[in-house]
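Contents: one structure, followed by commentary.
In each ligand, atom 1 is the first atom listed, and ligand 1 is the first ligand listed. The figures here come from the full heavy-atom set of this structure, side chains too, leaving out hydrogens, waters and symmetry mates.
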Amino acid sequence: MPLFPDLRMRRLRKSPALRSLVRESHLDPGDLVFPLFIVEGKGIKKEIDSMPGIFHFSVDSLAAEIDELARLKVPGVLLFGVVNDKDETGSAALNPEGVVQQAIRVIKKAAPHMIVVTDICLCEYTDHGHCGVVVNGDVDNDSTLPLLAKMAFSHASCGADIVAPSDMMDGRVRAIRQALDGNGFKHIPILSYAAKYASAFYGPFREAAGSAPQFGDRRSYQMDPPNVREALREIEEDINEGADIVMVKPALAYLDVISKARDSFNCPLAAYNVSGEYAMVKAAASRGWIDGKRVTLEILGSIKRAGADVIISYHAKEAAAWLDEQA
Ligand code: PBG
């Protein structure tokens with residue numbers, strides 16, 4: 001390898017055209033998935049305090065948002081339901097007329113090409129706010145599995161394109177795969193939140209989704225943040241159970257996990273740029289402390305560079321618009 005003065009790294013940074021030629025990774029609107037929070041009621045579009053620019057939508061208010069996402073070439077949305085009637089086992093998750101079930105039908109009718117991904121987890125539907133059934137004060141793994149499988153089937157029957165289990169129970173991917181295969185949905189992919197950490201970055205989401213645990217925390221099922229080898233085992237487990245896409249979550253504080261997962265597996269990889277990551281950028285930008293647009297594109301670019309194929313982000317809509325301006 002030549003050394004300075006024969007080697008001059010700056011030669012290839014001289015102009016936008018040169019930089020473009022040697023650019024190693026590219027962020028594209030086609031990489032992005034936009035999360036949507038669906039609430040009960042009519043005519044609702046209400047901004048979430050801790051997530052400026054992100055709204056609660058009632059099913060009848062979704063149309064304009066979906067049109068805009070389609071126009072910006074954002075290929076997919078991820079749906080979360082926010083419900084009022086909660087119980088011990090989260091039975092509202094299985095309601096054929098539930099908010100997510102209705103939203104899937106409405107979106108697929110309005111924009112048939114939009115990929116509708118649905119979050120499969122009970123925490124938005126249980127009165128205790130945990131991601132599974134609670135038995136003797138503990139979240140019970142095995143009795144939660146059939147409920148998750150039924151929830152996935154319910155969403156698939158309404159037209160969901162991809163189901164995305166986020167509960168972190170062991171064996172849920174296999175249980176969901178079997179339920180889908182046995183009921184006419186062999187073709188529906190599973191995007192598993194394979195390496196999901198017990199993270200403080202979910203704070204704004206829990207406010208938005210009303211899903212904070214009412215006792216204890218999620219550390220007995222979500223991963224311990226210092227671990228990375230364990231993440232690779234989680235991902236391997238989910239691939240072996242039949243996951244089609246595996247996800248690392250959160251993204252920004254776990255770029256090393258994304259990068260290692262990329263090197264270790266050939267499965268498509270997703271990363272979730274979560275609510276707290278979004279809120280930090282918005283808070284600093286609103287004070288003029290950072291350039292929100294540049295910071296956002298840099299963050300999303302870092303997730304891409306680390307190796308994610310799919311990026312789920314609350315920035316998806318604005319980022320797609322910015323990328324379009326630059327193109
Ligand atoms: C449901 C779920 C959560 C998120 C996605 N699905 C919250 C949690 O596990 O507490 C977090 C998303 C975000 O923070 O943007 N289990």
- Query: How far apart are the closest heavy atoms of N273 and I303, and which atoms are they?
  - Reply: CB-CD1, 3.9 Å
- Query: For T89 and T126, which heavy atoms make the closest approach, and how far apart are they?
  - Reply: C-CG2, 4.0 Å
- Identify, by atom number and element, the atoms of ligand 1 in contact range of K249, meaning under 4.0 Å from any of its heavy atoms. 2 (C), 3 (C), 4 (C), 5 (C), 6 (N), 11 (C), 12 (C)
- Task: Quick one: look at C121 and ligand 1, take heavy-atom pairs under 4.0 Å, and tell me if it's side chain, backbone, both or neither.
- Result: side chain
- Note on the structure: On a heavy-atom basis, the closest approach of C267 and D309 is O-OD2, 4.4 Å
- Message: Heavy-atom pairs closer than 4.0 Å: do any link ligand 1 to the side chain of D167, the backbone, both, or neither?
- Response: neither
- Heavy-atom contact under 4.0 Å between C123 and ligand 1? yes
- Query: Below 4.0 Å from any atom of ligand 1, is there a heavy atom belonging to Y278?
  - Reply: no
- Task: Distance to 0.1 Å, residue and atom name: give those for the protein heavy atom nearest to atom 15 (O) of ligand 1.
- Result: Y314 OH, 2.6 Å
- Query: What heavy-atom pair brings V246 and D238 nearest, and what distance separates the two atoms?
  - Reply: CG1-CB, 4.4 Å
- Query: Measuring from the heavy atoms of M168, does anything fall under 4.0 Å of ligand 1?
  - Reply: no
- Message: What I want to know is whether K196 and ligand 1 share at least one N or O pair that is separated by under 3.5 angstrom.
- Response: yes
- Under 4.0 Å from a heavy atom of Y272: give me the atoms of ligand 1 that qualify, with their elements. 12 (C), 15 (O)
- Query: Quick one: do K317 and E68 make a salt bridge, cutoff under 4.0 Å?
  - Reply: yes
- Query: Is a side-chain donor-acceptor pair under 3.5 Å present for Q222 with S199?
  - Reply: no
- Task: Check whether any heavy atom of R218 sits under 4.0 Å from an atom of ligand 1.
- Result: yes
- Query: When you measure from the centre of the six-membered ring of Y202, is the NZ or CZ of K249 under 6.0 Å away and within 45° of the axis?
  - Reply: yes
- Message: Show me which atoms of ligand 1 lie under 4.0 Å from any heavy atom of F80.
- Response: 5 (C), 6 (N)
- Side-chain donor/acceptor of S264 to backbone N/O of A261, under 3.5 Å: no
- What protein heavy atom sits nearest atom 14 (O) of ligand 1, and how far away is it? S275 OG, 2.7 Å
- Message: Pair L252, S302 - check side-chain contact (heavy atoms from CB on, under 4.5 Å), show working.
- Response: CA-CA 8 Å; L252 203 44; S302 77; 4.0 Å; yes
- Message: Looking only at distances, can you tell me whether any N or O atom of S211, backbone or side chain, sits closer than 3.5 Å to an N or O atom of ligand 1?
- Response: no
